[in-house]
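For reference, the structure discussed in these notes is given below.
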Amino acid sequence: MNLTTKTVSNVEDLKHLVADYERFDAFAFDIETHANRKVRSMDALVTLPKGTSRTASARCPSCLRELPARRRVWCSDECRDAAKKDKPALDIMTNRVWSISLAGPGRCDVIPCGHPDPRFQLHRADVFAALEPLFFSDRRKINQNVGFDLLSIAQHYDGTIPPPPYADTMMLVFLLNENLWEYNLGKLSARYLGYVYSEKLGQEAYNADFEKAIRYSIIDAKMAWMLWWKLSPRIKRLGGLFDLEMDVLGVLMQMRRTGAYVDIEEFRRLWPELKRQRDKAEATAKALIGDDWPDDYEINLRSTQKLARYFYDVKGLRCPRLTDKGSRSVDAASLAVLAKRSPVAQAILEYREILKLLSTYIAGYIPHVDSDSRIRASFNQARAKTGRLSCSDPNLQNIPARHKETFEATMVRRLFVAPPGMVLIVADYSQIELRILAHQTRDPKLLSAYRTGLDLHTQTASLIWRTALDKVTSEQRSIAKNCNFNFAFEGGPQRVMEMSGIPKGEAQAVYDAWHRAYPGVKKWAKRVKRFCWDNGYVETLYGRKRRLPEIKSADWAERGYAERQAVNHPIQGTAADIAKIAIVQVHTALCDFTAHLTLQVHDEFVIEVAEDEVGEVLPLVQRAMEDIKLGSRPVLDVPLEVNINVGTDWAACK
DNA sequence: ATGGGTAGCGCG
DNA sequence: AAAGCGCGCTACCCAT
C-alpha cells in the first residue's frame with residue numbers, strides 16, 4: 001500500500017485536510033514532541049541556599065538535585081539519559097508538540113508546527129483548534145502507544161483527553177503475540193509489514209534539518225495506520241480483550257494525568273535523615289570488620305563480590321547458596337545464615353534495608369515529583385505476559401508494605417497522602433488468586449471454604465495437622481498460609497521449609513498432607529500442562545493466551561519452567577483480567593464525583609475522594625469490584641470479596 | 001563516558 | 001540455567 005504524503009503549511013490546506021479526514025471513521029495520528037523540562041522540574045520546590053548561584057553549586061542539570069560526591073555531571077544515569085535524549089521521562093504534562101502527522105485510507109499528512117527551522121509553520125494553537133473536530137469525535141484514534149500521544153495532546157485542550165474509541169497498535173500486537181522481545185514500531189513494521197526503516201533519528205529529529213525531520217515524523221502515523229489496516233481483522237479472535245484493553249487505556253490516561261499526591265516536604269525532610277542513618281549503619285559495619293579487610297582492595301559494602309571474598313575467603317565461613325551464575329551468594333537469606341557466626345552479616349543486612357529505602361524510594365522518587373506535588377508514573381498495559389499492569393518511571397507498585405524488625409519500612413507509604421479536602425480509599429481483593437484456584441480446580445474443600453466464608457488458611461492448618469478448627473495455633477496458620485501460596489503454583493517443600501523454618505522431613509510431610517487435603521490442585525495442574533502440550537498455549541477465563549512453546553523442550557529445566565508458567569498463567573492472568581474489568585467499572589462509578597483512581601497495585605486500588613463524598617462512593621467502589629461478570633454470569637463460582645478502607649495516607653488504610 | 005550483564009530486593 | 005509466577009530499579013563490574 002502506497003500512501004500519498006503531503007506537508008501542510010497554510011490554513012487553507014489545513015481546513016481541507018480536516019474536511020477530508022472527517023469522512024473517515026478511523027485515522028492514525030502521531031505527534032512529535034520535545035521536552036520543556038523547566039515547567040516540570042523541581043525548580044519550584046528546591047530552595048537554594050542564599051548566595052549560591054545555580055551554575056556555581058554542584059547540581060544535576062536535569063533535576064537540579066544536589067550532586068552526590070561521586071557524580072560529576074548528572075546525579076543519575078536517568079538524568080544523563082534524559083538530558084541526552086531531550087526527552088526527560090517523556091513528560092506528558094510539559095512536552096512541546098512540534099509536528100502532527102495524520103494517516104488514513106490512501107493518504108498521510110504532516111503538519112509541522114514548531115520545528116526550529118526558520119521557514120513559516122502554522123501555529124500550534126491554530127492547528128489544535130482546527131483538529132479539534134477530529135480528535136473530539138467518535139472516530140477511532142489509532143497510534144502506536146496511543147495513550148502517550150493523547151495525553152500530550154490533552155494539554156492543548158485544557159487538559160481534556162480526546163474521547164474513545166482508541167486503537168493502540170502495540171497493545172493489539174501484544175495480545176496477538178506476547179512473546180516478541182520488543183514492541184517498538186520499527187520492529188512491528190518489519191515483522192508485519194515487511195517494511196524496514198531506521199528509527200535512529202527518533203531522538204534527534206527535532207534537531208535535524210527540516211526535510212529530514214518531516215520525513216521522519218510522518219513514518220509513525222503511516223506505519224500505525226498500515227499496521228491497523230493489516231491486523232485489525234484479527235481482533236475478533238481476541239474475544240473482547242482488545243476492547244477491554246482500550247477501555248482500560250482510558251482509565252490509565254486519567255490516572256496518569258491525575259498522578260499520585262505525595263507529601264514532598266516530608267520526602268525532602270526524610271532524605272538527609274535517612275542519609276545519616278545509612279552512614280551510621282555503614283560505620284557500624286565497617287567498625288565490626290575492623291582490620292579483617294585485606295589491604296589489596298577497597299572496602300565497599302554494596303559490592304557483592306567483595307562481600308563474598310570477605311565472608312568466604314577472609315573469614316572462611318561456609319557459603320549457604322550459589323547464585324544462578326554460580327558465584328557465592330551474599331543475599332539476605334545467606335547473610336541471615338552467616339549472621340549466626342558473624343555480627344558483620346547482621347550489620348550488612350541492616351545497612352541494606354536502609355540503603356534500599358533511601359536510594360530507591362526517597363532519593364529515587366524525588367526527581368519524579370512534579371511541581372504540584374504529584375508523581376505521574378506510567379502504568380503499562382503491554383508488558384506483563386500474564387496481562388497484569390506494570391508500573392515504571394517510577395515504579396509505584398513495589399513500595400515497602402511489610403513491617404521490618406529494625407525500623408518502620410512503611411514510612412514511604414505514609415508519604416502518599418490525601419490532598420487537602422480529600423481522603424484516600426484503599427480497596428483490595430481478598431485472596432483473589434486462591435479463589436480463582438478454587439474455581440479452576442473445582443477442588444471440593446477449596447470451594448466450600450470460600451462458599452461458607454471459612455478462613456482458608458485456618459482450614460488448611462486443620463486439615464494438615466488434623467486438628468479442630470478452633471485449636472489451630474497462629475504459628476500453624478502462618479505455615480499453612482505459606483503452603484497455600486506456594487503449593488498452589490507448583491512450589492515444592494524446599495521453599496516452605498526455608499520460609500517457615502521447619503525441618504526437611506516435616507516439610508515433606510506437610511507437602512504431602514496439603515495435596516491430600518486438596519487433591520483437585522495436582523489433578524488440575526496436570527490437565528493444564530497436558531492442554532498446553534497439546535495446544536502450545538494456555539489461557540485465562542477471559543481467553544487471554546500465553547504461548548509456551550518450551551513446554552515441549554527436551555531440556556527438563558526449560559520444560560519445567562514452562563510447565564510452572566502454564567499452571568500460573570490461568571491464575572495470575574485471570575486475576576489480572578478481573579482487575580482490569582474492575583478498574584474500568586470503578587472509574588465509571590467515580591465519574592459523578594470528585595474522585596479519582598490514583599494507583600493500582602494488582603489486586604489493590606487507591607482512590608482519592610472529596611471528604612464529603614466518601615460515604616456515597618465507598619459502596620459503589622465495592623460493588624464495582626465485586627460484581628465481575630463473564631458473559632451474563634458471575635465470573636467465579638465463589639464470591640469475590642473486597643476489603644475497603646479510608647484514611648489520610650496509604651499506610652493508614654490497612 | 002556508555003551499555004550490557006549480574007546480583008539483589010521491593011511489591012502482588 | 002532453572003523446582004512457585006509476574007514485574008522494575010539500584011548498584012556494581014567490565015567491556016567498548
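Chain identifiers are assigned alphabetically (A, B, ...) following the order of the sequence lines, protein sequences preceding nucleic acid strands; residue numbering begins at 1 within each chain. This is a predicted model, so every value here is computed, not measured.
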Would you classify [X] as touching base, sugar-phosphate or nothing, given that sugar-phosphate means primed atoms plus P, OP1 and OP2, and contacts are heavy atoms under 4.0 Å?
| X | value |
| --- | --- |
| A:Asn300 | sugar-phosphate |
| A:Gln305 | sugar-phosphate |
| A:Gln565 | sugar-phosphate |
| A:Lys325 | sugar-phosphate |

Checking only heavy atoms, does the side chain of [X] share a donor-acceptor pair with the base of [N] at less than 3.5 Å?
| X | N | answer |
| --- | --- | --- |
| A:Asp331 | B:dG8 | no |
| A:Gln397 | C:dC7 | no |
| A:Arg388 | C:dG6 | yes |

Please state the P separation for the pair C:dA3 and B:dA7 - nearest whole angstrom. 14 Å
Could you give the distance separating C:dA1 and B:dC9 at their P atoms, to the nearest angstrom?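 About 24 Å, rounded to a whole number of Å.
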For A:His515 and A:Phe487, take the angle between the two ring planes, folded into 0 to 90°, and tell me which bin it lands in: parallel under 30, tilted 30 to 60, perpendicular over 60.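 Tilted, since the angle between the ring planes falls between 30° and 60°.
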Between B:dG12 atom P and A:Asn568 atom CG, what is the distance in whole Å?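 That distance rounds to 16 Å.
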Return the value, rounded to whole Å, for the distance between atom CZ of A:Phe379 and atom C1' of C:dC7.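 After rounding, the reported distance stands at 13 Å.
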Derivation of the ring pair (Phe, Tyr, Trp, His ring centres under 6.0 Å) call for A:His457 and A:Phe485: CA-CA 10 Å; A:His457 303 319; A:Phe485 285 121; 5.7 Å; yes
Ring centres of A:Tyr518 and A:Trp514 under 6.0 Å apart? yes
Applying the Watson-Crick and G-U wobble criteria at under 3.5 Å, what pairs with B:dC11? Answer none if nothing qualifies.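 By the stated definition (distances under 3.5 Å), C:dG6 pairs with B:dC11.
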